[in-house]
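Just so we're on the same page: letters track the sequence lines, and every chain starts at 1.
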Amino acid sequence: MSTHTLPFPFPPSPFTISHSLLAWWDAHRADLPWRQTRDPYAIWVAETMLQQTQIATVIPYYERWMARFPTVADLAAVPLEEVLKLWQGLGYYSRARNLHAAAQTVMQRWGGQMPRRAADLQTLKGIGRYTAGAIASIAFGEATPVLDGNAMRVLTRLTDYAGDVTRSASKNELWQLAATLVPDSRPGDYNQALMELGQQICTPAKPACLLCPLAAHCLAWQRGTQPERPVQSPRPRTPHYDVVAGVIWQNGQIEANERFLIAQRPLHGLLGGLWEFPGGKQEPGETLPEALRREIQEELAIEIAVGEHLTSIKHAYTHFRITLHAFQATHLSGVPQHLGVANHAWVTLAELDDYAFAVTNQKIIATLRQVVPDGVNR
DNA sequence: CACGCGTGGCC
DNA sequence: TGGCCAAGCGT
């Protein structure tokens, strides 16, 4: 049990809280794929996929991943392309790149064994304070805290904490509280119980306080302030952009084994390392075809003629929205196989399956498969 | 330290 | 519908 003092008064003893929580969890814990093992690598993969991502979304990705890369050695041995392909559609692609790089670090620097202590785990790329605590407590039994969005909601309500949790100073106080509460016995179970309480009972809207094992100790429940916790400063409104993409093929009429031009995005930044149909944002005062011609010229140094509109796709990212307009286009002076651009490829419709695309471009591909007649590219 | 980074579900 | 939220991390 940690001996840190709380930054605010909270009478119940840590043992009272952890004991009630563990009793509840033993009766109500969900059966999840990554809970059938103590393999630190499996826990690591699951925790990384679960960052900012819901359980139901993660499960099929986790199953595919563990079937394809059962050990850290398997992961370290494959090229990044294959890793990104398996991560396709899961989002936050730096997680996949970091997992891959850290697997190679584990092989080279740690002799193929995951480090056991939270402090050592946190030196690996993509493993921060939360994930280090999760792996160390669940796989190795270290009495170290975790604090995710769920735990933060539970703890702010339990103590009726009024600080703005978007500020890191507030998060530090809550980490301290979390550390105070972690028991020496079953710390991994306790940490999972804390998060699962936030997921199942202490939900953002309409928490089920009547079913909560901690209600007797909960200051927000006593005061009726659950809806006001946690306190968060509002996010700014999300802007909207119109984006164009060119599906570039050789002739106006589709031929057998028609090839399309795709480009790989830079390894860092938005959708880093993924492939896409080339294009970009529309500037003010530009028509969509004008924007497409300009973007293609800047990116690939070729001139195109913009043809038929194929589809428009609305998509919401976290901080902005786009409408992606896809056009058929043809290269005006024949199709160069080498563009002087490193990360591009001419591929058939069937070969598109080998590349990792973001969801917006997956939708363009789906449209393309309907437009291109059967028998071509098959 | 504030911000960029994906996608899907919910209302 | 747009905004909020989800087992966060790196810079």
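- The nearest whole Å value for the distance from the CZ atom in A/Arg265 to the P atom in B/dG6 is 9 Å.
- Here A/Ala316 lies in heavy-atom contact (under 4.0 Å) with a base.
- For A/Ile201 and C/dA7, the CD1 to P distance is 14 Å, given to the nearest whole Å.
- On a pure distance criterion of 3.5 Å, a polar donor-acceptor pair joins the side chain of A/Tyr92 and the base of B/dG6.
- Rounded to whole Å, the C1' atom of C/dG8 lies 15 Å from the corresponding atom of B/dC1.
- Taking atom CD1 of residue A/Ile322 and atom P of nucleotide C/dG2, one finds them 14 Å apart after rounding to whole Å.
- To the nearest 0.5 Å, atom CD1 of residue A/Ile365 and atom CZ of residue A/Phe357 are 4.0 Å apart.
- When rounded to the nearest whole Å, the span between NE2 of A/His319 and P of B/dA2 equals 14 Å.
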Test log, rule side chain to side chain contact (heavy atoms under 4.5 Å, CB included), inputs A/His217 and A/Ile17:
CA-CA 8 Å; A/His217 312 292; A/Ile17 300 295; 3.9 Å; yes

Kindly determine whether A/Glu276 and A/Arg265 satisfy salt bridge (Lys or Arg N to Asp or Glu O under 4.0 Å), including the steps that lead there.
CA-CA 7 Å; A/Glu276 65 181 3; A/Arg265 299 177 61 90; 2.9 Å; yes

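- In a base pair of the Watson-Crick type (N1 to N3 plus N6-O4 or O6-N4) or a G-U wobble (N1-O2 and O6-N3), with each distance short of 3.5 Å, C/dG3 is matched with B/dC10.
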Apply side chain to side chain contact (heavy atoms under 4.5 Å, CB included) to residues A/Asp242 and A/Val244 and explain how you reach the verdict.
CA-CA 7 Å; A/Asp242 283 288; A/Val244 287; over 6 Å; no

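- Taking atom CG of A/Asn361 as the reference point, atom P of B/dG6 lies 13 Å away to the nearest angstrom.
- Closest contact between the side chain of A/Asn150 and the listed nucleotides C/dC5, B/dA2, C/dA7 involves C/dA7.
- We find that CG of A/Leu271 is positioned 6 Å from P of B/dT7, with the value rounded to whole Å.
- Base engagement by A/Trp34 is indicated by at least one non-hydrogen atom pair under 4.0 Å involving a base atom.
- Partners of A/Trp221 according to the ring-ring contact (aromatic ring centres under 6.0 Å, His included) rule, which considers only residues two or more places apart in sequence or in another chain, do not exist here.
- Going from atom CE of A/Met195 over to atom C1' of C/dC5 covers 17 Å, rounded to whole Å.
- Summarising the geometry, the separation between CZ on A/Arg95 and P on C/dG8 is reported as 9 Å, rounded to the nearest angstrom.
- Applying the ring pair (Phe, Tyr, Trp, His ring centres under 6.0 Å) test to every pair with at least one member in residues 46-68 of chain A, sequence neighbours left out, gives these pairs: A/Trp34-A/Tyr62, A/Trp65-A/Phe69, A/Trp65-A/Trp87.
- Using a 4.0 Å cutoff on non-hydrogen atoms, the parts of residues 37-54 of chain A near DNA chain C are A/Glu47, A/Leu50, A/Gln51, A/Gln52, A/Gln54, ordered by number.
- A residue-by-residue look at A/Gln199 and A/Arg321 shows that A/Arg321 has its nearest nucleotide of DNA chain C further toward the 5' end.
- Note on ring orientation: taking the six-membered ring where Trp is involved, the planes of A/Phe320 and A/Tyr317 are parallel (angle under 30°, cut-offs 30° and 60°).
- A donor and an acceptor atom sit less than 3.5 Å apart, one in the side chain of A/Thr318 and one in the base of B/dG6.
- The side chain of A/Asp148 sits closest to C/dG8 out of C/dC5, C/dG8, B/dT7.
- Across all strands, A/Arg35 comes closer than 4.0 Å to base atoms (heavy-atom distances).
- Comparing A/Arg167 and A/Ser94 along DNA chain B, the residue whose closest nucleotide (by nearest heavy atom) sits nearer the 5' end is A/Arg167.
- Going from the P atom of C/dA7 to that of B/dC10 covers 14 Å, rounded to whole Å.
- A salt bridge is defined here as a Lys NZ or Arg NE, NH1 or NH2 lying under 4.0 Å from an Asp or Glu carboxylate O, and A/Lys85 with A/Asp354 fails to meet this definition.
- Backbone-only contact: A/Gly89 has heavy atoms under 4.0 Å from sugar-phosphate atoms and none from a base.
- Considering only side-chain N and O atoms, A/His315 lies under 4.0 angstrom from the phosphate OP1 or OP2 of B/dT7.
- The gap from the P atom of B/dG6 to that of C/dT11 amounts to 14 Å, rounded to the nearest Å.
- Listed nucleotides: C/dG2, C/dG10, C/dA7. Nearest to the side chain of A/Asn98: C/dG10.
- Residues A/Gln192 and A/Trp25 bring no donor and acceptor atom of their side chains to less than 3.5 Å of each other.
- Of the candidates C/dA7, C/dC4, C/dG3, C/dG3 carries the atom nearest the A/Thr238 side chain, counting heavy atoms from C-beta on.
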